[in-house]
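Below you'll find the structure, written out as structure tokens, and then a few comments.
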Amino acid sequence: MVSEERPLLASTRNGVAHESIYDRFTSDQKRWIVFVVSFVGLLPAFVHATFVPSIPQIAKDLDSTHAAVSFSVSLSIFAEAIGALVWAAYSSFYGRRLIYLYGILVSCIGSCGVAMSTSLRSLLFWRFVQSFGCSGGLSLGAGAIGDIYEPEERGTRIGIFYGATLLGFVIAPFLGGAAAKYWSWRYLHYSLGAWGLIAMLLIHVSFQDTNHPGTMGIDKVARRRRFHIAWVNPLGSLWLLRSPNLFAMMLASSLMTFSGFVLLVPIAYTLGVRYGITNEAVIGACFLPNGLGNIIGTLVAGHISDIVVKKWRVRHEGVWYPEDRLRTAWIGGLFMVPLSVGASGLLITYAGDLIGLLLNLLCIFLNGMGVDLVLNSIAVYNLDVVQSRNTEIMAAYAAARSLITSVGTALIIPSIERIGVAGTDIVAAILALVGQGIIFLTIRYGDRMRASVNVGFSTAYTN
């Protein structure tokens, strides 16, 4: 067994000029890498988003309850958190390509297991395996893009990547509901397994490792020991969050993300019951505005954040201040997210006609757009400030956020039963405002926060 030591990026480039790090791939090769990681990134979106609309049918088939089957949503979020840490840690040692292949294989096995489940216990187990396997899609993809693009281009490309992957959240809920109604939720998960096999083939044939030269742990292992299994501590990435600014961004993004879960997870028993929607396909279609908002939000945020970074760098007379990228988050975090979730709760409670339904769908759209205006800015900020361990910070950020939201998700339905839809949504709106307040504080005091605990932050010369 060998262990992994990760020196800072600036000390591992073996004399290669910083500028040439981003010239290893041609423009066409970079675009192809973005396409491949986006295609693979769609898989976890479909794994998660097709499941919620089919919960009523799954509960019926397994002779269980909605609440019991809904627990698998929290379990899958937990599996995603753990899996992201594992795949990210090993991708820093073995490279992105090999870990992509292993992760997708595990997801394929889990998808087939879900499809063959005959009890709630087996369903929960295989959902864990399925979600664990595909959990590296977003962090590995974002890390690969961070590997090949400079900071001034990074936000736009991450926006394209997230926009493409979020397409899954636009169409997957509708397909999940339609499959439950007109086909079979079991065949749907077999289809996800087949998709995984196609993704594995694409990665195997056309994807190159993007890790910066000399940074992979396997590069430091004697060639005769290359086939030995390495032990890499998957929890080591979480230690990055001891830095106040990185922890603050994780907490802020968790609070924003929770607002979307409050709207979407109980949708069959909020919008569905209030407006008499019983068709699973129609319930799935109610997710479409959120996914559309996600795509628009992340594309807009990525492009604008690159412009903002350049603009404020000029204002700072050429000094790079990474927190400037977070300035693009305030419209979403201060207005769109809290107002949309709070208004939705009030509309469901007091507006029971068609106008109420249409306004709720508008709230779902605005919430999706607002959340991703915030999350995209935070995600690229993380890549900017810890470039040497970009995949690991993305995994740690996503894992901690997933752990927090998994707990919150489990409390949504009990909260609705106790204080009502309006009360629950207003609490979520307040939490979103707290999250935006944390972002404002990070913009104001980010340099002091980074200086207080240095986890190997990038500089203008190493980013």
Please tell me if the side chains of [X] and [Y] come closer than 4.5 Å, counting only heavy atoms from C-beta onward.
X      : Y      : value
Trp87  : Ser139 : no
Glu80  : His48  : yes
Thr50  : Leu192 : yes
Phe39  : Trp195 : yes
Cys108 : Ile104 : yes
Ile109 : Trp126 : yes
Leu361 : Leu271 : yes
Pro244 : Val453 : yes

Output yes when a side-chain donor or acceptor of [X] lies under 3.5 Å from a complementary backbone atom of [Y], and no otherwise.
X      : Y      : value
Asn367 : Cys363 : no
Ser91  : Ala88  : yes
Ser206 : Ile203 : no
Ser117 : Gly113 : yes
Arg96  : Gly141 : no
Arg154 : Ile145 : no
Thr298 : Asn294 : no
Lys30  : Tyr149 : no

[X], [atom1] atom: more than 12 neighbouring heavy atoms under 6.0 Å:
X      : atom1 : answer
Tyr102 : OH    : no
Arg242 : CZ    : yes
Trp239 : CH2   : no

Would you call the rings of [X] and [Y] parallel, tilted or perpendicular, taking 30° and 60° as the class edges?
X      : Y      : result
Phe207 : Tyr100 : perpendicular
His189 : Trp185 : perpendicular
Phe78  : Phe128 : tilted

Say you draw a straight line from [atom1] of [X] to [atom2] of [Y]; how long is it, rounded to the nearest 0.5 Å?
X      : Y      : atom1 : atom2 : answer
Leu334 : Leu373 : CG    : CG    : 12.5 Å
Leu263 : Thr424 : CG    : OG1   : 11.0 Å
Leu105 : Cys134 : CG    : SG    : 13.0 Å
Met394 : Asn382 : CE    : CG    : 6.0 Å
Leu326 : Leu441 : CG    : CG    : 12.0 Å
Leu357 : Ile348 : CG    : CD1   : 9.5 Å

Minimum heavy-atom separation for [X] and [Y], please, with both atom names.
X      : Y      : answer
Ser305 : Gly302 : OG-O, 3.0 Å
Leu138 : Gly41  : CD2-O, 4.3 Å
Gly333 : Pro338 : O-CD, 3.3 Å
Thr391 : Gly143 : OG1-CA, 3.5 Å
Gly137 : Phe161 : O-CZ, 3.9 Å
Phe51  : Ile58  : CE1-CD1, 3.5 Å

Under 3.5 Å, is there a donor-acceptor pair linking the side chains of [X] and [Y]?
X      : Y      : answer
Ser377 : Thr328 : yes
Arg186 : Tyr190 : no
Asn245 : Thr442 : no

For this session: Go through Met250 and Ile404 one step at a time and tell me if the side-chain contact (heavy atoms from CB on, under 4.5 Å) criterion holds.
Result: CA-CA 10 Å; Met250 179 278 297; Ile404 292 174; 3.6 Å; yes

Problem set entry | Phe125 six-ring face occupied by Arg121 cation (under 6.0 Å, within 45°) | no

Exercise. Given Tyr269 and Ile413, is the side-chain contact (heavy atoms from CB on, under 4.5 Å) satisfied, shown in steps?
Worked result: CA-CA 9 Å; Tyr269 293 87; Ile413 292 178; 5.8 Å; no

Problem set entry | Pair Ile439-Gln436, side-chain contact (heavy atoms from CB on, under 4.5 Å): steps then yes or no | CA-CA 5 Å; Ile439 294 174; Gln436 182 57 40; 3.8 Å; yes

Problem set entry | Stepwise side-chain contact (heavy atoms from CB on, under 4.5 Å) check, Arg127 with Val47 | CA-CA 9 Å; Arg127 274 292 287 176; Val47 166; 3.7 Å; yes

